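In what follows, a single structure is set out as structure tokens and then discussed.
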Amino acid sequence: MKYAFFSFFICLVSTPVVIKIAHARDWLAHPTHNRWHSKPTALFGGIAIFLAVTLPMIWITDFSDLMQLMHSQPGLPYQLPPISSVLFMGMCFIFGLGLIDDFFQIKPHTKLMGQFLAALFVTFAGYRLNWSVSLTLDTILTIIWIVGMTNAFNLLDNMDGLCAGAGLSAALSLAFLYQGYSPDIALLAFILAGAMAGFLVYNFNPASIFMGDCGSLLIGFSLSVLALYYSSQQTAIFFTNYAIPVLIFIVPIIDTSLVTIVRILSGRKAYIGGKDHTSHRLVLSGFTERGAVLVLYGIGFLSGLAALFVQTHDRFTSPVVIIPLVIIVILMAGFLAQVRVYPENEYCLLKGRRFSPMLEDLTHKRQLFLVILDFCVISFSYYLSYRIRFQGADFSYYFQIFLRSLPPIIACKYLAFNITGVYKSIYKQISISDLRTLINGTILSTLFCVAVMTYIYRFEDFSKGIFIIDWFFTTGLIFGTRVFFRVFSDSLHRRQLKGDAVIIFGAGRGGEILLREILNNNALQCKPIGFMDDNALLKGKNLMGYPILGTSETIQTIVERHPIDGILISFQNPDILNRMETLIAFCKKHTIYIKQFQIQLKSLL
């Protein structure tokens, strides 16, 4: 661990030096229309990261085996050289490539060619993903993995602290993954983590320096190569070779996939930068820059913990954490893909196609999306019921029964949901009626499942407890997904509200109706701050998530704490002017407008 602290200290000390030199030589990133920062910021932070990683590695790396590899005879077996020496040589090359790009802006295909050369060197040294029994296919997959992750971290460097923070999360996950059986490799991951932690001191919002391509390419390449060592150990559970690397790199994978797919569907070139990354979409959804970055940090660390869980548990238990994480990622990606970024040609390649109506149903009506999501929920609930009911060797036997009975179980539940009207509700608001419909659907689905299992399998080898546990999980998760849609949509909408800051006077039924109208009618151009009510007992409470700030007598204090543009009166009294003389005088004095909300039925005949 002392080398990790040494790496942290080197980056902490060298980064200010790089900042000073960058400003002296005008090595600055100036704001442009397709970049997020708003002020000139120092470049070449990757130099500090490179020094912080390579200096400790020189002391712990043995290059003799690597030299023997260079002179080995083709066709003869050889021992894999230490990954530290392979990583060191590749890092030096990829850092130089990024540095040249930062200085001279080389063409994308030239930079990509350099990344392929670095990946070819790693595969030449003998390290592979071990995702295929075919050596040729596996070598190709390894090259694609290294180049893909290198570019993914390069794309992720789009907001203050994001690339370094995501890299820190992945490095720590790899370090704890290797610590139990390969301390030397864990040390390399800790050294990378130390360098990125030191750099984050200056790179977190508001950043005083950017890492540039020489930093982001270095981080992506190094982490992707370290991930290869796990698969090279030929673990007993082959499933983990696929799951663990993907889980550790989930943030760059999500960002790259979302950006690439949406850009292509919108008729844009995937390799040209823009403000359409996952972080940008979170900001456009109402998060602050720090908040957006912290959300992605959280996903990265959560997924890293899931990878460690998968490493220490068998393939029957791993879906307990993998499936919920996949559902969360799908939900997040689905919502963020709907955030409008481009002014005109959003998804232009989908317009006028035969499948356009289906896509509109998926993205707007959401019913088809709910059907697909329920497929995951039903399968996961049924699996989790078996996982809880049976342990050890018993589960291995009953897992075959689970697989055999899963198709009719899914069919029964879909049928029951359709009969009870689960997919007819819009879920704009979650009401008691919606909850009753969902409970009726899950109860009927459980009864159908018991009847079908009795008819097909005579209920042999089935446990009654399975269906009771499954009912609780299915009901909770089905209702939870609907609540998630409502809460997440409402939260994003509230964050996106723009217009005059207003206080609603009256925390009764009229105030609730007025607030709903403001939230659902963008033409009003109002942004509620909270409520005001002359019932002093209501102060400090909340109505629909907004605080009741005080009474009309404390308006002076309220305005001092919460600057506002106007006050909206929610109650319908016709003698409002006579009752509100003091309040109206205060608003006139402080140039605050005051309006009354009215509901009326107008006769058309």
Side-chain angles (χ1 to χ4, degrees), residues 1-8 49 52-54 56-63 65-66 79-91 122-123 125-131 138 142 145-146 149-150 153 164-197 218-253 300-315 318 321-322:
M1 288 295 292
K2 64 180 181 180
Y3 290 103
F5 287 110
F6 184 41
S7 174
F8 173 80
I49 298 175
V53 175
T54 55
M57 285 183 65
I58 291 175
W59 292 96
I60 64 175
T61 302
D62 181 10
F63 296 96
D65 288 338
L66 184 63
Q79 185 177 2
L80 285 176
I83 196 170
S84 58
S85 60
V86 175
L87 180 61
F88 184 89
M89 299 300 292
M91 284 171 52
V122 175
T123 56
Y127 286 95
R128 296 185 293 107
L129 276 172
N130 290 309
W131 281 5
D138 199 49
T142 304
W145 166 263
I146 296 174
M149 287 302 102
T150 302
F153 276 93
L168 174 62
S169 170
L172 288 175
S173 299
L174 289 170
F176 288 113
L177 182 71
Y178 293 135
Q179 198 170 27
Y181 66 91
S182 183
D184 292 341
I185 310 303
L187 178 58
L188 294 176
F190 275 123
I191 288 174
L192 277 168
M196 284 178 278
L218 172 69
I219 291 172
F221 174 81
S222 303
L223 293 172
S224 65
V225 172
L226 283 181
L228 299 179
Y229 187 80
Y230 175 77
S231 59
S232 69
Q233 302 308 297
Q234 297 292 341
T235 56
I237 305 174
F238 189 68
F239 167 76
T240 61
N241 286 352
Y242 299 97
I244 286 180
V246 173
L247 289 171
I248 290 176
F249 292 89
I250 193 70
V251 172
I253 289 175
F301 280 106
L302 181 65
S303 188
L305 291 174
L308 296 177
F309 181 90
V310 171
Q311 160 67 13
T312 55
H313 292 76
D314 57 47
R315 63 188 177 93
S318 298
V321 297
I322 292 177

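Everything numeric here is computed off the predicted structure, so don't read it as measured data.
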(request) Before giving the answer on side-chain contact (heavy atoms from CB on, under 4.5 Å), spell out for Phe153 and Phe221 the whole-Å C-alpha distance, their side-chain angles and the decisive distance to 0.1 Å. (result) CA-CA 9 Å; Phe153 276 93; Phe221 174 81; over 6 Å; no
(message) On a heavy-atom basis, which atom in Pro81 and which in Val86 lie closest, and how many Å separate them?
(response) CG-CG2, 3.8 Å
(message) So, taking the atom named CE in Met89 and the one named OG1 in Thr61, what distance separates them when rounded to the nearest 0.5 Å?
(response) 11.0 Å
(message) For Tyr242 versus Trp131, what's the shortest heavy-atom pair and its separation?
(response) OH-O, 2.7 Å
(request) Supply the atom-to-atom distance Leu87 CG to Leu188 CG, rounded to the nearest 0.5 angstrom. (result) 6.5 Å
(request) Output the distance between atom OG (Ser303) and atom CD1 (Ile244), rounded to the nearest 0.5 Å. (result) 11.0 Å
(message) Within the 4.5 Å heavy-atom criterion, are Leu247 and Val321 side-chain neighbours or not?
(response) no
(request) Please round to the nearest 0.5 Å and tell me the distance separating atom CH2 of Trp59 and atom CZ of Phe6. (result) 8.0 Å
(message) On a heavy-atom basis, which atom in Leu226 and which in Ile83 lie closest, and how many Å separate them?
(response) CA-CD1, 4.3 Å
(message) Between Ser173 and Leu308, is there a side-chain heavy-atom distance shorter than 4.5 Å?
(response) no
(request) Enter the distance from Leu187:CG to Ser182:OG here, rounded to the nearest 0.5 Å. (result) 10.0 Å
(request) Would you check if the side chain of Tyr178 reaches a backbone N or O of Asp184 as a donor-acceptor pair within less than 3.5 Å? (result) no
(request) Applying side-chain contact (heavy atoms from CB on, under 4.5 Å), run through Leu192 and Ile219 and close with a yes or a no. (result) CA-CA 8 Å; Leu192 277 168; Ile219 291 172; 5.8 Å; no
(request) For Val251 and Ala166, work out which heavy atoms get closest and say how close. (result) CG1-CB, 4.4 Å
(message) On a heavy-atom basis, which atom in Phe249 and which in Ala227 lie closest, and how many Å separate them?
(response) CE1-CB, 3.8 Å
(message) I'd like to check Leu218 versus Ser222 (side-chain heavy atoms, cut-off strictly below 4.5 Å). Are they in contact?
(response) yes
(request) Verify side-chain contact (heavy atoms from CB on, under 4.5 Å) between Met149 and Leu223, making sure each step is shown before the conclusion. (result) CA-CA 8 Å; Met149 287 302 102; Leu223 293 172; over 6 Å; no
(request) Decide yes or no for Leu228 and Ile146: does some side-chain heavy atom of the first lie under 4.5 Å from some side-chain heavy atom of the second? (result) yes
(request) Heavy atoms only: give me the nearest Ala195-Ser7 pair and the separation to one decimal. (result) N-OG, 3.2 Å
(message) Tell me every residue that passes side-chain contact (heavy atoms from CB on, under 4.5 Å) with Phe8, counting only those two or more places apart in sequence or in another chain.
(response) Leu12, Ala197
(message) Quick check: do Phe190 and Phe5 have side-chain heavy atoms less than 4.5 Å from each other?
(response) no
(message) I need the Ser84 OG to Ile58 CD1 distance, nearest 0.5 Å.
(response) 12.0 Å
(message) Classify the ring geometry of Tyr127 against Tyr229: parallel below 30°, tilted from 30° to 60°, perpendicular beyond 60°.
(response) tilted
